[in-house]
Amino acid sequence: MRKSRIIAGAGLGLSALLALTACNSGSPTDPGASAGAGGGEEALWEVASDVQLEGSPTFDRATEAGEIVIGVKSDQPGLGYEDPVTQERTGFDVDIARWIAASLGFGEDQIEFKTIPSANREQEIINGGVDYYVGTYSMTEARDEVIDFAGPYFITGQGLLVAADDDSINGPEDLEGKVTCSVTGSTPLQRIREEYSGEVTERQTYSECVEQLKAGQVDAITTDEAILAGYVALEPNELKLAGEPFSEERYGVGLADGDTALKDHINALFTDGNDVWTALYEQYLEPAGVVAEQPQVD
Ligand code: GLU
């Protein structure tokens with residue numbers, strides 16, 4: 001059963017999104033700053049002290065190093081975004097990542113964020129290049145064979161993004177004779193190739209696909225609606241969602257295969273943290289028209 005839904009067209013203007021980002025500009029060293037502490041509001045979480053996590057190689061490594069390395073996205077507004085000027089990272093996924101870090105005892109100045117594209121996620125986790133990954137990462141059986149997932153913490157579905165004045169595409173069946181852009185190593189790319197007709201071109205990031213769509217080089221972009229809604233929110237006069245979601249994408253936190261202690265810790269945090277989840281959802285996703293509830297973890 002689908003648990004999330006996006007209302008197409010309920011976009012948020014650029015100025016509103018910028019205003020949102022502006023409320024979110026606490027000092028990077030404040031615990032929970034990105035979630036409101038910087039503006040003098042109450043922090044959504046505190047950095048835990050004296051954390052004990054028996055049997056987690058990831059936690060042991062990070063504790064030894066005094067720093068935790070987190071893989072994220074940087075070009076997905078509302079989810080995982082890095083401001084090109086200020087380098088400030090914002091978004092639902094990025095704050096979920098900060099919240100997990102704080103629960104493990106790591107404050108903002110002990111986090112190293114690494115931007116990792118979809119195609120490289122499993123390998124980075126396997127290589128130990130990141131301690132965990134939070135970036136629109138669907139929990140799939142194939143991925144689960146080589147890494148572990150905590151969650152799900154969010155559910156969305158595959159959708160289509162088209163030019164605002166294009167009425168010829170209203171679902172994946174309409175892609176025949178069209179060119180669709182998606183991202184290497186993503187589940188939407190695989191699904192559109194295997195189950196629908198039409199030409200498909202792939203890029204490393206969704207923002208590259210958006211540039212191609214705006215330049216008229218492709219007719220559509222396909223990926224999760226939660227991601228696409230973030231682009232629509234920035235440019236509602238140029239872009240729109242088309243049709244209904246046609247898959248279920250359950251977002252998990254990617255971590256090293258077999259690190260059950262870390263997985264259980266994160267799942268317990270999600271289960272007990274509905275207030276944090278709701279605050280982050282209301283801050284980052286609801287304004288872009290993304291409708292969702294917190295799912296239960298597996
Ligand atoms: N959720 C999908 C996936 O994990 C698409 C989004 C992405 O590429 O991050 O493949």
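Heavy-atom basis, side chains included; hydrogens, waters and symmetry copies ignored. Indexing begins at 1, ligand by ligand and atom by atom, following the structure's order.
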Fill in: For Y251, the ligand 1 atoms whose distance to one of its heavy atoms is below 4.0 Å
1 (N)
Worksheet item: Short list, please: which atoms of ligand 1 are under 4.0 Å from a heavy atom of G135?
Response: 9 (O)
Worksheet entry | Aromatic contact, Y206 with Y231 (centres under 6.0 Å) | no
Fill in: Atom indices of ligand 1 within 4.0 angstrom of T136 heavy atoms, with elements
1 (N), 2 (C), 3 (C), 4 (O), 6 (C), 7 (C), 9 (O)
Discussion item. Could you check whether any heavy atom of V183 sits closer than 4.0 Å to an atom of ligand 1, since that is the contact criterion I want to use?
Written reply: no
Discussion item. Please check whether Y137 reaches ligand 1 - meaning an N/O of the residue sits under 3.5 Å from an N/O of the ligand, judged on distance alone.
Written reply: no
Discussion item. E249 and side chain to side chain donor-acceptor pair (under 3.5 Å): which single residue from T223, T187, T156 fits?
Written reply: T187
Worksheet entry | Pair Y281-F154, ring-ring contact (aromatic ring centres under 6.0 Å, His included): steps then yes or no | CA-CA 10 Å; Y281 164 72; F154 192 77; 7.1 Å; no
Worksheet item: Are the aromatic rings of Y284 and F92 close, with centres under 6.0 Å apart?
Response: no
Worksheet entry | Contact atoms of ligand 1, heavy-atom distance to T223 under 4.0 Å | 5 (C), 6 (C)
Practice prompt. Return the option from P188, A119, S247, S118 holding the heavy atom at the smallest distance from atom 8 (O) of ligand 1.
Written response: S118
Worksheet item: When you check the gap from the basic side-chain N to the acidic O, do D131 and K114 get nearer than 4.0 Å?
Response: no
Worksheet entry | Flag side-chain contact, heavy atom, 4.5 Å: K73 against I227 | no
Worksheet, complete the sentence: Under 4.0 Å from one or more heavy atoms of I227, ligand 1 contributes atoms 6 (C)
Worksheet, complete the sentence: Per-atom filter on ligand 1: closer than 4.0 angstrom to a heavy atom of R121 are 3 (C), 4 (O), 7 (C), 8 (O), 9 (O), 10 (O)
Discussion item. Can you check which of K73, R191, R143 brings a heavy atom nearest to atom 4 (O) of ligand 1?
Written reply: R143
Worksheet entry | Non-hydrogen side-chain atoms of F113 and V134 separated by less than 4.5 Å | no
Discussion item. Is there a path of hydrophobic side-chain contacts, each under 4.5 Å between heavy atoms of I/L/V/M/F/W/Y residues, joining L189 to V162?
Written reply: yes
Practice prompt. Under 4.0 Å from a heavy atom of S186: give me the atoms of ligand 1 that qualify, with their elements.
Written response: 8 (O), 10 (O)
